[in-house]
Protein chains: 2
Amino acid sequence: MEKIYLDYSATTPMAKEVVKAMEPYFSEKYGNPSSLHALGKEAKDALEKARSSLAKSLNAKSVEIIFTGCGTESNNLAIKGVAFANRDKGNHIITSNIEHPAVLNPCRWLEKQGFKVTYLDVNKEGLVNPKDVEKAITKDTILVTIMHVNNEIGTIQPLAEIGKICKKKKVYFHTDAVQGFGKLPIDVKKMNIDLLSASAHKILGPKGVGLLYVNHNVKIEPIQHGGGHESGLRSGTENVAGAVGFAKAIEIAKDMKKEMEREKKLRDKLINSLLKIEGSRLNGSRTERLANNVNVSFKGVEGEALLIRLSQERLQVSTGSACSSKSLEPSHVLTAIGLTPVLAHGSLRITLGRYTTEEHINHAINVIPKVINSLRKISPF
Amino acid sequence: MEKIYLDYSATTPMAKEVVKAMEPYFSEKYGNPSSLHALGKEAKDALEKARSSLAKSLNAKSVEIIFTGCGTESNNLAIKGVAFANRDKGNHIITSNIEHPAVLNPCRWLEKQGFKVTYLDVNKEGLVNPKDVEKAITKDTILVTIMHVNNEIGTIQPLAEIGKICKKKKVYFHTDAVQGFGKLPIDVKKMNIDLLSASAHKILGPKGVGLLYVNHNVKIEPIQHGGGHESGLRSGTENVAGAVGFAKAIEIAKDMKKEMEREKKLRDKLINSLLKIEGSRLNGSRTERLANNVNVSFKGVEGEALLIRLSQERLQVSTGSACSSKSLEPSHVLTAIGLTPVLAHGSLRITLGRYTTEEHINHAINVIPKVINSLRKISPF
């Protein structure tokens, strides 16, 4: 029976066009971009063409795009690379308490290396207040890192406002845009973003390739040392096919405005329906919310049991973020916006994507209340 | 005109069987292995099956295989991860002066962090003397890292002897096996190897995926922090298709003994022919040499000019290692085995692979002497 995938924020299928674009680089144009012969040059040209497309999508220069192995690596490079390179200027970093573990854990690691980190609180909707960022900046602050879109509750942070403050205070501004890239327009120059992380597999591209935009004025060190690839910032043979696939994925995303309007209608239909279930609440903002994200808590329901039952009913959804789905801790994002651990455990994340149809949403609307009812009958709560 | 690829140590084409094995994981079985639903479980199962195959090929346990984004990342994780986790025991690392930059540069970076590194000399054939390793070990030594097969001159290091010494001295032993994995049999238990780096794209697998074998007794820290994937040692969404392709590549390599005998015959035919050219010399060992490697220097010839002329004659070959092919410095490997910078610059690396035929080698034998003659006529030397 066909599965209905509603977990696009965990990962996405590769678009057929992406696979097709990558195919020539598997067994025909397979050279190492560092090789000087014709096959090497051909690979290098493909890599640079991909870099250029991705740069343009952000209003950046080609030389400002560093290919990495994943979004997590991009975040590690941005945060640790800036921290170590600017230690002479200061040792203070500002972030929020609802960041992805790929930002929080590099920050925690830097604390062990003598850096100081401020974890800003967010409001009940999961929004960072730019004024809090401004207040937290001290003479020792070298980096502000605030995510673009939260992976669990879809909250869109006020990046441009934060960017303005960072520019004024002469502090580097990094954003983990893994969830927003290819879904919301980003202009790194206008928004005063100095560093930005993105990943291909969240936007119909392949797993195993990410990027870091680094403004050419940023002082940064590599964290992976070797042959000096990617302007010396990320050594390792370049994943040419992956880069080509990533570029094709962002090309597909060009009509993001239209696509997000489509997803938003489906999302709102689903949210409105789920909120009719007794004891339900929407987590995150209703307005500052990515068009693909639904996150709802249900009293008296255990999220994992719900997820497994829904999987049996074809629906592929998530509790909290996929990256920490195996943890027994309640979601740090849901507790940060004020949920009790018990309610946080009863939450469902449903994320839509390009191949989501009205039929899929109708199926979800039909199945979820039934499953919740049956679970509540056997619930110990 | 069909190009003749003789640069297999830089990278390889993906085998058709590898592409075929990966395909289902592009747009059908595309789940995130961390997701708890059916699509996630399917991806997780594929990832673990791939891990198990790769583990078996090394006589390791599944849990001892950590997937990474490339061989360079594996080396960085092994060297820095062991160094930081064992700082309380000592701060001394031993390596050789002919390692790949992906080993040398992490070592140099660690020196800046207060570690001490001994760079062992090699003999004229590029061999590390195990007795030198033993002599260099002090009470502060925590790690010995010696490569399996040199990427430029194909020298095979006496890993088992070095492993025995490390075991006796209770020092961790890491090997960068990027060039040897899938070409020479490796038994990490018998050879007393504690950590081993390998990469898929050198053995007909995809670019963008590597592995690190870590013996379960090794004390090691992650260097990339995030969601805690790969037993907490390498965070980041797993490249499922890449892992599946890597496993298929090592399955293809099962007949390595037969294939290496085939390549050796072709290699020896080529070496014997090239050594008839006046002013030529073979770099590296004649006996302790990987079956696919030819590295010859020609007096009075500039390697880069030679490479470009040969590329016009369909031959895709290399000077030195692809990773540093754009550097103007003479190869550190060739100078370490005693070549003058000028002679080092006049060297050619020709590396064979599974799709190399006798016709390809005959073409090389026919073309190379002619090109060298014509270059020497215009040489300023």
Side-chain angles (χ1 to χ4, degrees), chain A residues 3 5 7 10-16 19 26-28 30-32 34-40 68-73 75-76 100-102 105-106 109 201 206-209 223-228 235-242 304 307-308 311 316-319 322-326, chain B residues 3 5 7 10-16 19 26-28 30-32 34-40 68-73 75-76 100-102 105-106 109 201 206-209 223-228 235-242 304 307-308 311 316-319 322-326:
Chain A
K3 294 179 191 86
Y5 190 71
D7 200 11
T11 191
T12 64
M14 283 166 70
K16 301 285 181 204
V19 176
F26 291 156
S27 309
E28 295 154 49
Y30 53 82
N32 187 324
S34 295
S35 295
L36 297 173
H37 48 62
L39 262 173
T68 67
C70 55
T72 294
E73 186 188 339
N75 285 332
N76 274 263
H100 190 277
N105 286 333
W109 182 80
H201 79 98
K207 293 179 180 63
V209 58
I223 58 170
Q224 182 166 305
H225 303 85
S235 293
T237 297
E238 301 92 338
N239 180 352
V240 180
E304 197 165 312
L307 185 156
I308 288 162
S311 183
Q316 312 289 299
V317 299
S318 170
T319 67
C323 299
S324 56
S325 61
K326 278 165 218 149
Chain B
K3 295 177 190 85
Y5 191 70
D7 200 12
T11 191
T12 63
M14 281 165 70
K16 300 285 182 204
V19 176
F26 291 157
S27 310
E28 295 156 48
Y30 54 82
N32 187 321
S34 295
S35 295
L36 297 172
H37 49 62
L39 263 173
T68 67
C70 55
T72 294
E73 185 187 339
N75 286 333
N76 274 262
H100 190 277
N105 286 334
W109 182 81
H201 78 98
K207 293 179 180 63
V209 58
I223 57 168
Q224 183 166 304
H225 302 86
S235 292
T237 296
E238 303 91 337
N239 181 352
V240 180
E304 198 165 311
L307 185 157
I308 288 163
S311 183
Q316 312 289 298
V317 299
S318 170
T319 65
C323 299
S324 55
S325 60
K326 278 164 217 151

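Within every chain, numbering begins at 1; the chains are lettered A, B, ... in the order of the sequence lines, protein sequences first and strands thereafter. Reckoned from all heavy atoms, side chains included, excluding hydrogens, waters and symmetry mates.
- In terms of heavy-atom pairs under 4.5 angstrom with chain A, the leader among B/Pro206, B/Gly31, B/Gly40 is B/Gly31.
- Each of B/Gln224, B/Lys16, B/His201 has some count of heavy-atom pairs under 4.5 Å with chain A, and the biggest count is that of B/Gln224.
- For the set B/Ala241, B/Gly236, B/Gly69, the count of heavy-atom pairs under 4.5 angstrom toward chain A peaks at B/Gly236.
- Between chain B and the residues A/Cys70, A/Ala38, A/Gly208, A/Gly71, the largest count of heavy-atom pairs under 4.5 Å involves A/Ala38.
- The structure places CG of A/Asn75 at 13.5 Å from NE2 of B/His225, a figure rounded to the nearest 0.5 Å.
- A/Val19 is listed as a side-chain neighbour of B/Ser27, based on a closest heavy-atom distance under 4.5 Å.
- Residue B/Asn76 touches chain A through its side chain alone, counting heavy-atom pairs closer than 4.5 Å.
- Only the side chain of A/Leu307 comes within contact range of chain B, with at least one heavy atom under 4.5 Å from a heavy atom of that chain.
- Between A/Leu36 atom CG and B/Thr319 atom OG1 the span is 6.0 Å, to the nearest 0.5 Å.
- Looking at A/Thr68, neither its backbone nor its side chain comes within 4.5 Å of chain B, counting heavy atoms on both sides.
- In terms of heavy-atom pairs under 4.5 Å with chain A, the best-connected choice from B/Gln316, B/Glu73, B/Lys3 is B/Gln316.
- Under the ring-ring contact (aromatic ring centres under 6.0 Å, His included) criterion, A/His37 pairs with B/Tyr5, not counting sequence neighbours.
- In this structure, no portion of A/Val209 lies under 4.5 Å from any heavy atom of chain B.
- Side chain of B/Lys207 to backbone of A/Tyr30: a donor-acceptor contact under 3.5 angstrom is found.
- Considering all non-hydrogen atoms of both residues, B/Ser35 and A/Ala10 come closest at OG-CB, 3.8 Å.
- Residue A/Gly226 comes nearest to B/Asn105 through the heavy atom pair O-ND2, 2.7 Å, listed as atom of the first residue, atom of the second, then distance.
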